[in-house]
Amino acid sequence: MPKLKVDGIEVEVPPGATVLQACEAVGVEVPRFCYHEKLSIAGNCRMCLVEMEKSPKPIASCAMPAADNMVIKTDTPMVKKARNGVMEFLLINHPLDCPICDQGGECDLQDQAMAYGRDHSRYGEGKRAVKDKNMGPLVKTIMTRCIHCTRCIRFANEIAGVEELGATGRGEDMEITTYLEKALDSELSANIIDLCPVGALTSKPYAFNARPWELRKTESIDVMDALGSNIRIDTRGAEVMRVLPRLNEAVNEEWISDKTRFACDGLKRQRLDRPYVRRQGKLVEATWDEAFLAIRQRLAGVAGGRVAAIAGDLACAESMVALKDLMAALESPHIDCRQDGAKLGAGVRAGYVFNTTIAGIEQADAILLIGTNPRWEAPLVNARIRKRYLAGGLKVGVIGESLDLTYKHQHLGAGPDTLTELAAGRHGFAEVLRSARHPMLIVGQGALARPDGAAVLSAARALAETFGMIKEGWNGFNVLHTAAARVGGLDLGLVPAEGGRDVAGILEGASTGAIEVVFLLGADEIDMSRLGGTFVIYQGHHGDAGAHRADVILPGAAYTEKNATYVNTEGRVQIARIATFPPGEAREDWKILRALSDVIGRKLPYDTLADVRKRLAQVNPVFARAEALAPAVWTGFGTAGSMTSQPFASPVRNFYMTDPISRASKTMAECTEVFVKAKQSAGKTGTHG
């Protein structure tokens with residue numbers, strides 16, 4: 001390991017580390033614009049110049065490998081003069097836009113100009129102006145501000161895997177642009193807003209809405225997919241202004257998907273802010289007492305076996321455990337959290353979590369994707385796979401739809417027949433899995449949410465055991481969920497008790513009259529037409545499909561409006577914190593269920609959030625250890641049986657609209673028009689695949 005001196009302090013750094021990293025290791029701050037820890041080194045802004053002994057001129061510390069016996073100085077007159085000169089050149093063409101720039105107050109160029117800039121300009125010639133580019137409905141461009149750090153280009157090419165950004169021209173004529181002047185088509189595109197060190201790339205939906213010092217910042221968890229990305233929610237008053245990524249190397253690194261970032265405008269549209277009761281065929285406003293009374297009257301004399309409950313995809317663990325306890329108090333065995341009908345049991349945790357962990361993807365050398373499109377179902381899982389692919393030595397096989405992924409892969413087949421061939425060793429990819437040191441498979445909901453899903457799950461488990469994916473220190477069997485509530489619901493046992501009905505059974509019972517009352521906890525993805533004349537109680541936060549069908553509506557809180565617990569696809573328990581209060585008369589979900597239980601004479605035994613969380617830990621000890629990940633015990637799961645030849649298909653057909661919040665979002669509607677519908681119409685005319 002190289003040893004060198006930085007400002008008189010000796011430091012030892014790993015092989016391959018740069019001088020800039022060595023400076024950081026001893027606590028010396030080095031200014032930079034183009035350098036970023038997650039991107040390749042460009043060395044083109046020259047702001048990180050330092051003095052190296054025996055070098056006739058300053059060196060770019062981001063691009064210089066650290067070596068033994070180097071002597072680096074960062075605070076000499078030469079360094080100061082060099083950085084001042086670089087800053088002066090960077091500001092030659094940069095406009096004085098700070099008062100109207102959305103980056104103002106959190107701009108790297110502003111901060112470093114204060115430290116290294118001059119108090120006036122010596123440049124008397126005409127300034128350069130650059131035409132703004134159209135990058136779609138999410139990223140606003142003011143390209144005259146661009147300093148050509150190329151962070152956006154490197155992110156698009158390396159992390160997102162969408163090679164649609166580049167530079168044209170040279171010198172003063174250089175411009176950053178999308179090829180063919182088209183919108184930047186990536187589920188991760190808006191991360192370039194965070195990367196841009198100046199105001200050249202800003203958020204289009206957020207433009208001119210607020211200043212950073214006006215906002216209250218709350219650390220929380222995303223629920224737009226099952227990854228559980230760590231986020232920061234910025235609010236002003238009662239309104240969520242924006243959502244930004246929060247660093248967590250084990251989960252989302254420092255990126256978030258475009259849906260996570262921009263669907264938040266759906267939080268203020270189509271909201272349920274007061275109870276409703278259906279009278280004479282129409283939903284009318286009601287008080288909480290009237291709503292609870294209507295439920296009590298309908299439940300009077302109804303046997304527990306004629307009452308059922310379905311938990312939706314955005315439900316928190318606190319609300320689900322309260323729902324489970326309420327159904328148990330009503331003596332109802334009919335409860336299910338698998339809204340899509342996925343054939344996953346609640347008994348064996350290893351059978352429904354991402355056992356390898358998200359970070360563990362970086363150790364794999366062979367990956368088999370079964371019935372999943374990670375690019376749309378979990379963009380940051382897809383980004384991890386690409387990261388591993390770029391490191392070299394990774395082979396990826398896909399069973400299911402032919403996908404446009406961001407890395408090279410081999411399409412093995414469309415459905416269960418290929419899975420059977422692979423298990424029998426009759427497929428060429430079997431040798432790839434057999435020879436891999438760390439093989440893994442990812443089975444998606446497209447393979448599990450079908451009538452033969454239990455057999456597919458069993459076949460995938462057998463495949464993992466056959467090809468050595470389960471061994472000491474490595475578990476290569478993974479389930480990729482699409483719903484933020486799913487793992488938490490399975491951990492809590494929200495599956496039918498003995499003799500109980502699952503979602504399909506509940507819908508069948510409702511249509512035949514065997515089920516008289518159905519409680520929907522934010523469940524909007526089921527076929528509402530099959531509920532027949534059943535009395536429907538809907539508790540949720542948006543006027544989506546469930547609310548339209550309901551006989552009583554109980555307004556709940558969205559994920560930004562409550563202290564709540566979620567479990568991500570890898571089984572990591574994470575805490576979301578309240579950023580703003582629910583609108584109008586809406587309340588936190590577990591509180592609604594607790595109050596309702598009192599009115600119907602089935603009082604639940606908790607009064608505070610701490611009591612509910614104690615109950616969570618009683619039901620399953622994993623809830624007592626937030627952020628902890630313990631390997632799940634490997635044992636038998638799934639039900640062996642015959643599988644049909646029907647091809648696997650991803651459940652996500654439109655990445656931008658998958659839940660009530662994103663469906664209510666104006667920004668997501670614009671993205672659907674630009675990226676989804678435009679592609680579909682182009683495909684029909686044959687002009688674009």
Student: Quick check: closest heavy atoms across Ile159 and Arg386, and the distance to 0.1 Å?
Tutor: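 Looking at all heavy atoms of both residues, the shortest contact is O-CD, 3.5 Å.
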
Student: Working to the nearest 0.5 angstrom, can you tell me the gap between Trp634 CH2 and Asn475 CG?
Tutor: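 Result: 5.5 Å between the selected atoms.
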
Student: Indicate the atoms forming the closest heavy-atom contact of Trp376 with Phe655, along with that distance.
Tutor: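 That would be O-CD1, 3.2 Å.
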
Student: After noting the C-alpha distance and the side-chain angles of Gln445 and Thr372, does the key distance pass the side-chain hydrogen bond (donor to acceptor under 3.5 Å, both in side chains) rule?
Tutor: CA-CA 7 Å; Gln445 303 309 297; Thr372 181; over 6 Å; no

Student: Is any side-chain heavy atom of Phe675 closer than 4.5 Å to one of Pro137?
Tutor: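 They are in side-chain contact.
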
Student: Is it true that Lys395 and Asp365 have a side-chain N and a carboxylate O under 4.0 angstrom from each other?
Tutor: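 Here Lys395 does not pair with Asp365 in a salt bridge, since their nearest N and O are not under 4.0 Å apart.
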
Student: Between the side chain of Ser319 and the main-chain N/O of Ala315, is any donor-acceptor distance below 3.5 Å?
Tutor: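 Not at all, since once roles are kept as given, no pair shorter than 3.5 Å links the two residues.
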
Student: Find out whether Thr644 and Arg450 are in side-chain contact, i.e. whether some heavy atom of one side chain is under 4.5 Å from a heavy atom of the other.
Tutor: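 Of all side-chain heavy-atom pairs linking Arg450 with Thr644, at least one is under 4.5 Å.
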
Student: Any donor-acceptor pair under 3.5 Å linking the side chain of Asn355 with the backbone of Gly476?
Tutor: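 Looks like no, no N/O pair under 3.5 Å.
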
Student: Any donor and acceptor pair, going by atom type alone, linking the side chain of Arg653 with main-chain N or O of Ser650 inside 3.5 Å?
Tutor: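 Looks like yes, one N/O pair under 3.5 Å.
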
Student: About how many Å separate CG of Leu267 and NE2 of His542, when rounded to the nearest 0.5 Å?
Tutor: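 One gets 6.0 Å once the value is rounded to the nearest 0.5 Å.
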
Student: If I take atom NE2 from residue His427 and atom CG from residue Leu412, how far apart are they, to the nearest 0.5 angstrom?
Tutor: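 The NE2 atom of His427 sits 4.5 Å away from the CG atom of Leu412.
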
Student: Could you walk me through whether Arg338 and Glu525 satisfy the salt bridge (Lys or Arg N to Asp or Glu O under 4.0 Å) test, starting with their C-alpha distance in whole Å, then the side-chain angles of each, then the deciding distance to 0.1 Å, before giving a yes or no?
Tutor: CA-CA 10 Å; Arg338 302 162 302 182; Glu525 316 304 326; over 6 Å; no

Student: Would you please test Asn157 and Glu164 for side-chain contact (heavy atoms from CB on, under 4.5 Å) and show each step?
Tutor: CA-CA 8 Å; Asn157 291 348; Glu164 294 181 355; over 6 Å; no

Student: Using the rule given for salt bridge (Lys or Arg N to Asp or Glu O under 4.0 Å), can you reason through Arg384 versus Glu570, listing the C-alpha separation, both sets of side-chain angles and the distance that settles it, and then say yes or no?
Tutor: CA-CA 14 Å; Arg384 285 274 189 174; Glu570 59 182 348; over 6 Å; no

Student: I'd like to know if the side chain of Trp474 and the backbone of Pro439 have a donor-acceptor N/O pair within less than 3.5 Å.
Tutor: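 Yes: the side chain of Trp474 pairs with the backbone of Pro439.
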
Student: Show your reasoning for whether side-chain hydrogen bond (donor to acceptor under 3.5 Å, both in side chains) applies to Asn248 and Glu253.
Tutor: CA-CA 5 Å; Asn248 187 328; Glu253 298 183 282; over 6 Å; no

Student: How long is the straight-line distance from CG of Asp544 back to CG of Leu520, given to the nearest 0.5 Å?
Tutor: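 Between Leu520 CG and Asp544 CG, I get 11.5 Å after rounding to 0.5 Å.
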
Student: Kindly indicate whether the side chain of Ser458, heavy atoms from C-beta on, has any atom under 4.5 Å from the side chain of Lys343.
Tutor: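 Side-chain contact under 4.5 Å: no.
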
Student: Does Lys666 have more than 12 heavy atoms from other residues, nucleotides or ligands lying within 6.0 Å of its NZ?
Tutor: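 Not more than 12 within 6.0 Å, no.
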
Student: Side-chain donor-acceptor pair under 3.5 Å between Glu318 and Thr565, yes or no?
Tutor: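 A donor-acceptor contact under 3.5 Å links the two side chains.
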
Student: Stepwise, does the side-chain hydrogen bond (donor to acceptor under 3.5 Å, both in side chains) test hold for Glu187 with Asn382?
Tutor: CA-CA 10 Å; Glu187 300 74 32; Asn382 194 66; 5.9 Å; no

Student: When you measure from the side chain of Asp185 to the backbone N and O of Ala183, does any donor-acceptor pair fall under 3.5 Å?
Tutor: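 Checked: no pair found.
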
Student: Which is it for Glu465 and Lys471 under the salt bridge (Lys or Arg N to Asp or Glu O under 4.0 Å) test, yes or no, and what are the steps along the way?
Tutor: CA-CA 9 Å; Glu465 293 171 344; Lys471 53 192 173 185; over 6 Å; no

Student: For Leu227 and His481, what are the C-alpha separation, side-chain angles and deciding distance, and is it a side-chain contact (heavy atoms from CB on, under 4.5 Å)?
Tutor: CA-CA 8 Å; Leu227 187 74; His481 291 278; over 6 Å; no

Student: Report yes if some heavy atom in the side chain of Val396 is under 4.5 Å from a heavy atom in the side chain of Gln410; otherwise report no.
Tutor: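 Sidechains of Gln410 and Val396: no contact.
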
Student: Which atoms form the tightest heavy-atom contact between Thr356 and Ile361, and what is the distance?
Tutor: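 Result for this residue pair: CG2-N, 4.0 Å.
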
Student: Where do Leu490 and Cys337 come nearest, in terms of heavy atoms and distance?
Tutor: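 Heavy atoms only, the tightest pair is N-SG, 3.9 Å.
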
Student: Using only atom types and a distance under 3.5 Å, with no angle test, would you say the side chain of Asn252 pairs donor to acceptor with the backbone of Ile256?
Tutor: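 No; judged by distance alone, with no hydrogens or angles, the pair does not exist.
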
Student: Check the pair Thr420, Asp417 against side-chain hydrogen bond (donor to acceptor under 3.5 Å, both in side chains), reporting the backbone distance first and the verdict last.
Tutor: CA-CA 5 Å; Thr420 304; Asp417 293 344; 5.3 Å; no

Student: Would you please say whether a donor-acceptor pair under 3.5 Å links the side chains of Lys259 and Thr658?
Tutor: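 Yes, a side-chain donor-acceptor pair sits under 3.5 Å.
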
Student: For residues Asp527 and Arg530, determine if any side-chain heavy atom of one lies less than 4.5 Å from a side-chain heavy atom of the other.
Tutor: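 Asp527 reaches Arg530 side chain to side chain.
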
Student: Can you see whether Tyr352 has Arg486 sitting over its ring - NZ or CZ less than 6.0 Å from the centre and within 45° of the normal?
Tutor: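 Checked: cation-pi criterion not met.
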
Student: To the nearest 0.5 Å, tell me how far Ile367 CD1 sits from Leu394 CG.
Tutor: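 Rounded to the nearest 0.5 Å, the CD1-CG separation comes to 4.5 Å.
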
Student: Apply side-chain contact (heavy atoms from CB on, under 4.5 Å) to the pair Val518 and Ile537, showing each step before the final yes or no.
Tutor: CA-CA 6 Å; Val518 174; Ile537 305 159; over 6 Å; no

Student: Between Asp258 and Ser189 (side chain of the first, backbone of the second, donor and acceptor by atom type, cut-off under 3.5 Å), is there such a pair?
Tutor: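 It does hold such a pair.
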
Student: With distance as the sole test, does Arg375 use its side chain to make a donor-acceptor pair with the main-chain N or O of Asp404 at under 3.5 Å?
Tutor: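 Judged by distance alone, yes, a pair lies under 3.5 Å.
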
Student: Shortest non-hydrogen contact from Glu377 to Pro651?
Tutor: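 In terms of heavy atoms, the two residues are closest at OE2-CD, 3.6 Å.
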
Student: Under 4.5 Å between any side-chain heavy atoms of Asn230 and Ile221, yes or no?
Tutor: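 Result yes, sub-4.5 Å side-chain heavy-atom pair found.
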
Student: Quick check: closest heavy atoms across Arg388 and Glu362, and the distance to 0.1 Å?
Tutor: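 Looks like CD-O, 3.1 Å.
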
Student: Does the Asp194 side chain pair with the main chain of Pro245, one donor and one acceptor, at a distance under 3.5 Å?
Tutor: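 Not at all, since once roles are kept as given, no pair shorter than 3.5 Å links the two residues.
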
Student: Do the side-chain N and O atoms of Ser665 and Ser662 include a donor-acceptor pair separated by under 3.5 angstrom?
Tutor: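 Their side chains do not contain a donor-acceptor pair, so the 3.5 Å distance test is not met.
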
Student: Take atom CZ in Arg269; do more than 12 heavy atoms of anything else shown fall under 6.0 Å from it?
Tutor: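 Counting other residues, nucleotides and ligands, CZ of Arg269 exceeds 12 neighbours.
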
Student: Is there a side-chain contact between Ile526 and Met528 in this structure, where contact means two heavy atoms from C-beta onward sitting under 4.5 Å apart?
Tutor: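 They are in contact (side-chain heavy atoms under 4.5 Å apart), so the answer is yes.
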
Student: Is the shortest side-chain N to carboxylate O distance from Asp222 to Arg261 below 4.0 Å?
Tutor: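 No, no charged N to carboxylate O under 4.0 Å.
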
Student: Verify side-chain contact (heavy atoms from CB on, under 4.5 Å) between Phe477 and Ile442, making sure each step is shown before the conclusion.
Tutor: CA-CA 7 Å; Phe477 180 87; Ile442 301 175; over 6 Å; no

Student: With a 4.5 Å cut-off on side-chain heavy atoms, are Asp589 and Gln539 touching?
Tutor: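 The answer is yes; the side chains approach within 4.5 Å.
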
Student: Is the backbone of Val503 close enough, under 3.5 Å, to the side chain of Asp336 for a donor and an acceptor to pair up by distance?
Tutor: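 Checking the backbone N and O of Val503 against the side chain of Asp336, a donor-acceptor pair under 3.5 Å is found.
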
Student: Going by atom types alone, do Gln339 and Asp313 pair a side-chain donor with an acceptor below 3.5 Å?
Tutor: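 Side chains of Gln339 and Asp313: pair found under 3.5 Å.
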
Student: Quick check with a 6.0 Å cut-off and a 45 degree axis cone: is Lys408 positioned over the face of Tyr389's six-membered ring?
Tutor: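 Negative - Lys408 is either too far from the ring of Tyr389 or too far off its axis.
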
Student: Mind checking the CG-CD1 spacing from Leu629 to Ile358? Nearest 0.5 Å is all I need.
Tutor: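 Interatomic distance, Leu629 CG to Ile358 CD1, rounded to 0.5 Å: 9.5 Å.
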
